[in-house]
Amino acid sequence: MKYYILTLIIIFFDQITKWMVKSSMELYESVEVIPGFFSITSHRNSGAAWGILEGQMWLFYIVTVIVIGIIIYYMQQYKNSYPWLMVGFAIILGGAIGNFIDRIYLQEVIDFIDVVIFGYDFPIFNIADSALTVGVIFVIIMMLIDEMKKKGKNAN
Ligand SMILES: CCC[C@@H]1OC(=O)[C@@H](C)C[C@H](C)CCCCC(=O)CCC[C@@H](CC)/C=C/C=C(\COC)CC[C@@H](O)[C@@H](O)C[C@H](O)CNC1=O
């Protein structure tokens with residue numbers, strides 16, 4: 001149960017930062033934080049990553065509900081056996097719900113984290129996207145570590 005607190009914290013920070021951007025910045029207004037690397041740019045995206053499937057809200061609702069359903073199912077399954085995996089799932093859940101709230105209320109997602117990584121102007125994203133990406137990578141790493149542990153046991 002305590003993992004859902006992590007989910008709520010991510011949703012809270014995601015919604016707070018989006019609200020601050022929406023209420024205090026003009027659309028497409030940009031504030032350089034670290035010149036040449038990191039800016040806060042008020043942006044909207046009615047699609048998914050890289051603006052794909054723009055405007056397909058019903059598809060996003062269905063996919064997001066499926067993602068949330070799968071995550072909650074696995075969190076119930078593994079809640080006593082894989083604590084670190086639960087952390088990863090709770091982070092993904094926070095990200096998925098954060099963007100889901102935007103899509104329901106605004107039919108688009110508020111983005112504002114504008115970074116230039118190795119000279120590539122990465123798509124502008126938000127806290128929810130960061131949680132989804134970090135959570136997905138974290139879960140993959142935890143599963144790989146668990147696989148190696150199992151192989152190690154079988155080898156002995
Ligand atoms: C992060 C998933 C995208 C997020 O998915 C969600 O909401 C989920 C819960 C529901 C979607 C309907 C389904 C996921 C589609 C998967 C996908 O798209 C492939 C993702 C690859 C990913 C590696 C894991 C790359 C990362 C990209 C970006 C994030 O970099 C940190 C750029 C984000 C910017 O394009 C920004 O405008 C996006 C905007 O905020 C809306 N966000 C979404 O749709």
Side-chain angles (χ1 to χ4, degrees), residues 3-34 36-78 82 84-147:
Y3 300 106
Y4 290 108
I5 293 166
L6 183 57
T7 300
L8 291 175
I9 290 169
I10 287 168
I11 295 170
F12 174 77
F13 278 110
D14 175 61
Q15 291 299 307
I16 283 279
T17 49
K18 286 171 174 174
W19 176 80
M20 281 163 56
V21 166
K22 185 172 167 56
S23 58
S24 61
M25 292 179 77
E26 293 297 316
L27 192 53
Y28 304 127
E29 182 186 342
S30 185
V31 174
E32 266 207 325
V33 179
I34 303 170
F37 174 63
F38 172 48
S39 305
I40 303 278
T41 306
S42 175
H43 193 262
R44 303 294 182 271
N45 180 358
S46 61
W50 290 285
I52 56 172
L53 298 167
E54 189 152 359
Q56 306 296 325
M57 279 304 137
W58 282 107
L59 175 66
F60 298 144
Y61 294 152
I62 292 163
V63 171
T64 306
V65 166
I66 292 170
V67 165
I68 291 172
I70 291 172
I71 295 287
I72 290 176
Y73 169 77
Y74 275 112
M75 286 180 84
Q76 296 309 337
Q77 288 281 38
Y78 294 129
Y82 294 94
W84 284 109
L85 211 51
M86 303 300 292
V87 169
F89 285 139
I91 293 171
I92 295 172
L93 191 59
I97 295 172
N99 280 339
F100 196 32
I101 293 169
D102 280 28
R103 290 190 167 112
I104 291 173
Y105 284 110
L106 305 169
Q107 277 72 53
E108 60 185 2
V109 175
I110 297 175
D111 292 319
F112 59 92
I113 302 173
D114 187 0
V115 291
V116 178
I117 299 175
F118 309 123
Y120 171 58
D121 191 3
F122 203 74
I124 303 172
F125 57 96
N126 56 37
I127 301 287
D129 296 329
S130 313
L132 279 160
T133 308
V134 165
V136 163
I137 292 167
F138 192 84
V139 162
I140 290 168
I141 291 171
M142 287 300 123
M143 284 179 170
L144 289 176
I145 289 172
D146 184 60
E147 276 303 306

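Worth saying up front: this structure is predicted, and the values here are computed from it rather than measured. Atoms within a ligand are numbered from 1 in the order they appear, just like the ligands themselves.
Taking only nitrogen or oxygen atoms, main chain and side chain alike, Ala96 does not reach within less than 3.5 Å of ligand 1.
For the pair His43 and ligand 1, no heavy-atom separation below 4.0 Å is found. Distances from ligand 1 to the non-hydrogen atoms of Phe122 include at least one value under 4.0 Å. Under a 4.0 angstrom heavy-atom cut-off, Asp111 registers as being in contact with ligand 1.
Residues Asp114 and Ser39 have side chains that never bring a donor and an acceptor to within less than 3.5 angstrom of each other. Asp14 and Asn99 are not linked by any side-chain donor-acceptor pair at a separation below 3.5 angstrom, with hydrogens and angles left out of the test.
Applying the 6.0 Å contact sphere to CZ of Phe38 captures more than 12 heavy atoms from other residues, nucleotides or ligands. Few gaps surround CZ on Phe138; more than 12 heavy atoms of other groups in view lie less than 6.0 Å from it. Within a 6.0 Å radius of OH in Tyr120, other residues, nucleotides and ligands contribute more than 12 heavy atoms. Atom CZ of Phe12 is surrounded by 12 or fewer heavy atoms from other residues, nucleotides or ligands within 6.0 Å. Atom CD of Glu26 has 12 or fewer neighbouring heavy atoms from other residues, nucleotides or ligands inside a 6.0 Å radius.
Of the possible donor and acceptor atoms, none in the side chain of Tyr82 sits under 3.5 Å from a partner among the backbone N and O of Met142. Proximity of a side-chain donor or acceptor of Arg103 to a complementary backbone N or O of Gly47 within less than 3.5 Å is detected.
The shortest contact between atom 2 (C) of ligand 1 and any protein heavy atom is with Leu132 CD1, 4.1 Å. Of the protein's non-hydrogen atoms, the one nearest atom 12 (C) of ligand 1 is Phe60 CD2, 3.3 Å. Nearest protein heavy-atom neighbour of atom 21 (C) of ligand 1: Trp50 CZ3, 4.2 Å. Atom 1 (C) of ligand 1 has its closest protein heavy atom at Thr133 OG1, 3.7 Å. Ranking the protein heavy atoms by distance from atom 42 (N) of ligand 1 puts Asp129 OD1, 2.8 Å first. Taking atom 20 (C) of ligand 1 as the reference point, the nearest protein heavy-atom neighbour is Ala49 CB, 3.8 Å. Ranking protein heavy atoms by distance to atom 41 (C) of ligand 1, first place goes to Arg103 NH2, 3.4 Å.
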| field | Residue pair Asp102, Gln15: steps toward the side-chain hydrogen bond (donor to acceptor under 3.5 Å, both in side chains) verdict | value | CA-CA 8 Å; Asp102 280 28; Gln15 291 299 307; 3.3 Å; yes
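Counting heavy atoms closer than 4.0 Å to ligand 1, residue Ala48 contributes atoms from both its backbone and its side chain.
Note that atom 16 (C) of ligand 1 has no protein non-hydrogen atoms nearby, at separations under 4.0 angstrom. For atom 34 (C) of ligand 1, the protein comes within 4.0 Å by at least one heavy atom.
Close approach of ligand 1 to Asn126 is summarised as follows: ligand atoms under 4.0 Å from at least one heavy atom of the residue are 40 (O). Per-residue contacts place Asn45 under 4.0 angstrom from the following atoms of ligand 1 (heavy atoms of the residue considered): 35 (O), 36 (C), 37 (O), 38 (C), 39 (C). For ligand 1, the atoms closer than 4.0 angstrom to any heavy atom of Val109 are 40 (O). Taking every heavy atom of Ile124 and a limit of under 4.0 angstrom, the matching atoms of ligand 1 come to 34 (C), 36 (C), 37 (O). Close approach of ligand 1 to Val63 is summarised as follows: ligand atoms under 4.0 Å from at least one heavy atom of the residue are 13 (C). Residue-ligand proximity, Thr64 to ligand 1, at heavy-atom distances under 4.0 Å covers atoms 10 (C).
Tyr78 and Tyr74 have parallel rings, their planes meeting at less than 30° on a 0 to 90° scale where 60° marks the start of perpendicular.
Screening Ile110, Ile104, Val109 against Leu106 for a side chain to side chain contact (heavy atoms under 4.5 Å, CB included) leaves a single residue, Ile110.
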